[in-house]
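Here's the structure we're looking at; comments come further down.
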Amino acid sequence: MKPPRYWNRPPSALSRMLAPLGIYALGTRRRLAKSTPHTLSISVISIGNLNAGGTGKTPVAIALMEMITATGLKPHVVSRGYGGRLEGPHRVQDTDSPADVGDEPLLLAAFGPVWVAKDRATGGEAAQEAGADIVILDDGHQNPSLTKTVSIVVIDADIGFGNRNAMPVGPLRETVPEGLARADCVVLIGSPEACTACKNVTPELSKLPVFTGALTPLATGMPWSGMPVFAFAGIGRPEKMFATLRSLGADLRGTRAFDDHEPYAPMVLTRLEATAKDLGAQLVTTEKDAVRLPLSFRKKVLTLPVRLVFDDPAGFAEAINEKLNQPSS
């Protein structure tokens, strides 16, 4: 399901009138108030957002995994495995499919151990027992099952918080003041101009450490410039991937956007291949989409990998380490 366009438009008089209809925030508030988190004996870093849909949590998780692993510690990711059938706790294996564990856990598993668990507390315990030094809780900001040592909120600077209303009349899972009050820091992803604009219209960000960065194509040696491509993506905002290809100089002859996490049926793949052939173009998709493709089809598609590049990586690492090293209250 694609979000309504008005979700991501600036607040208006009408959106303010409709704000009381955003009942999703009420459910979030009640769930958080009634829950008693389970506390692990190791640290838990939560990565989440306030918006429904993708804002860049997976690139932040990858950056954190690489940052922590470089220090000699062993981070394990715990995910609910959105779109997967397994209840868990289950450690993601190479033989798992997206139908088993979801697409994002499969992508993250290339960087370190990942567990899927509908009950994140049992997932955290499984990770701890398996030797994790730190748990990275994927999409954990509204999940109260584990006590968090650090809470990171990720924001897509291009859309910010949209009309600032909660679902179903806006894109939010909870109100901006309530959600950011539980955050220790914010990662704002986008161009410098977009990040500045987002901070200017979001006064709540002035109370938190804000670290900016951009999703940057990974240097793989692929000669994108002038390459005729037909791009498809089923992520939070597919147009970001298409724009990246244009910035690399690719000859973008066509695009096809799918819903986030949407499975690729055989008939859909046949149409994609036929369209690319008609256009004389190479099929290209994202890393997250690639893991949802059958192995037999994956070899026909090029992948455009991107990584989060922080403007101040040392500052971000210092802020996380400072919070991890604080004595527990």
For [X], side chain to side chain donor-acceptor pair (under 3.5 Å) partners two or more places apart:
X	answer
T212	D311
R298	none
K74	none

Hits for side-chain contact (heavy atoms from CB on, under 4.5 Å) against T39, two or more places apart or cross-chain, chain-then-number order -> T147
_Applying side-chain contact (heavy atoms from CB on, under 4.5 Å), can you list everything that pairs with D251, at least two apart in sequence or on another chain?_
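Only P228, R253 meet the side-chain contact (heavy atoms from CB on, under 4.5 Å) criterion with D251.
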Q.
Tell me whether the rings of H76 and W115 are parallel (<30°), tilted (30 to 60°) or perpendicular (>60°).
A.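 Correct class here is parallel.
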Partners of E239 by salt bridge (charged side-chain N to carboxylate O under 4.0 Å, His left out), sequence neighbours excluded?
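Once residues adjacent in sequence are excluded, the partners of E239 under the salt bridge (charged side-chain N to carboxylate O under 4.0 Å, His left out) criterion are R237.
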Looking at [X] and [Y], what are the two nearest heavy atoms and their distance?
X	Y	value
S97	L106	C-CD1, 3.7 Å
P105	V92	CB-CG2, 4.0 Å
P238	A233	CG-O, 3.6 Å
G81	S79	N-OG, 3.0 Å

Can you tell me how far the [atom1] atom of [X] sits from the [atom2] atom of [Y], to the nearest 0.5 Å?
X	Y	atom1	atom2	value
S151	L180	OG	CG	11.5 Å
R173	M167	CZ	CE	6.5 Å
R29	E178	CZ	CD	4.0 Å
L208	T202	CG	OG1	11.5 Å
I155	C198	CD1	SG	5.5 Å
L308	E66	CG	CD	10.0 Å

Take a 6.0 Å sphere around NZ of K118 and say whether it holds more than 12 heavy atoms from other residues, nucleotides or ligands. yes
Run the salt bridge (Lys or Arg N to Asp or Glu O under 4.0 Å) test on E204 and R164 for me, step by step, so that the C-alpha distance in whole Å, both residues' side-chain angles and the decisive distance to 0.1 Å come before the verdict. CA-CA 12 Å; E204 294 89 348; R164 291 180 65 101; 2.6 Å; yes
For residues 83-95, the side chain to side chain donor-acceptor pair (under 3.5 Å) pairs (sequence neighbours left out) are R85-D100, H90-D96
Who else is in the cluster with [X] when I, L, V, M, F, W and Y are joined by side-chain contacts under 4.5 Å?
X	result
Y82	none
I159	none
M241	M222, W224, M227, V229, I235, F242, L245, L248, L252, V284, L302, L304

Main chain of [Y], side chain of [X]: is a donor-acceptor contact present, judged purely on distance under 3.5 Å?
X	Y	result
T285	F232	yes
D138	E104	no
Q282	K300	yes
E262	D259	yes

Output, in order, the C-alpha distance, side-chain angles, deciding distance and verdict of side chain to side chain contact (heavy atoms under 4.5 Å, CB included) for R307 and T216.
-> CA-CA 5 Å; R307 296 290 180 268; T216 304; 5.9 Å; no
Worksheet entry | Test salt bridge (Lys or Arg N to Asp or Glu O under 4.0 Å) applied to K240 and D156, step by step | CA-CA 11 Å; K240 289 196 296 185; D156 181 338; 3.5 Å; yes
- [ ] List the steps, then state whether side chain to side chain contact (heavy atoms under 4.5 Å, CB included) holds for L215 with T244.
- [x] CA-CA 9 Å; L215 296 181; T244 298; over 6 Å; no
- [ ] Start with the C-alpha gap between Y264 and L293, add the side-chain angles, then the distance that decides, and say whether side chain to side chain contact (heavy atoms under 4.5 Å, CB included) holds.
- [x] CA-CA 7 Å; Y264 289 111; L293 299 174; 3.7 Å; yes
* To do: Among residues two or more places apart or on two chains, list those pairs meeting ring-ring contact (aromatic ring centres under 6.0 Å, His included) that have a residue in residues 282-317.
  =>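 Listed once each, the pairs are F211-F316, F310-F316.
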**Prompt:** Hey, are T286 and D289 close enough side-chain-wise for a donor-acceptor pair under 3.5 Å?
**Reply:** yes
Problem - Donor-acceptor pair between S41 and Q128 side chains, under 3.5 angstrom - result: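 Note: S41 and Q128 side chains meet the donor-acceptor criterion.
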Test salt bridge (Lys or Arg N to Asp or Glu O under 4.0 Å) on K288 and D260; report intermediate values, then the result. CA-CA 10 Å; K288 194 171 91 165; D260 198 8; 2.8 Å; yes
Which atom pairs, donor and acceptor, lie under 3.5 Å between side-chain atoms of residues 49-65 and protein residues at least two apart or in another chain?
| unit_1 | atom_1 | unit_2 | atom_2 | d |
| --- | --- | --- | --- | --- |
| N49 | ND2 | N51 | O | 3.3 |
| N49 | ND2 | G53 | O | 3.0 |
| N49 | ND2 | T55 | OG1 | 3.1 |
| N51 | ND2 | G160 | O | 3.1 |
| T55 | OG1 | V154 | O | 3.3 |

Practice item. Just do the side chain to side chain contact (heavy atoms under 4.5 Å, CB included) check on I320 and I68 with the steps written out, would you? Key: CA-CA 10 Å; I320 298 300; I68 294 169; 5.9 Å; no
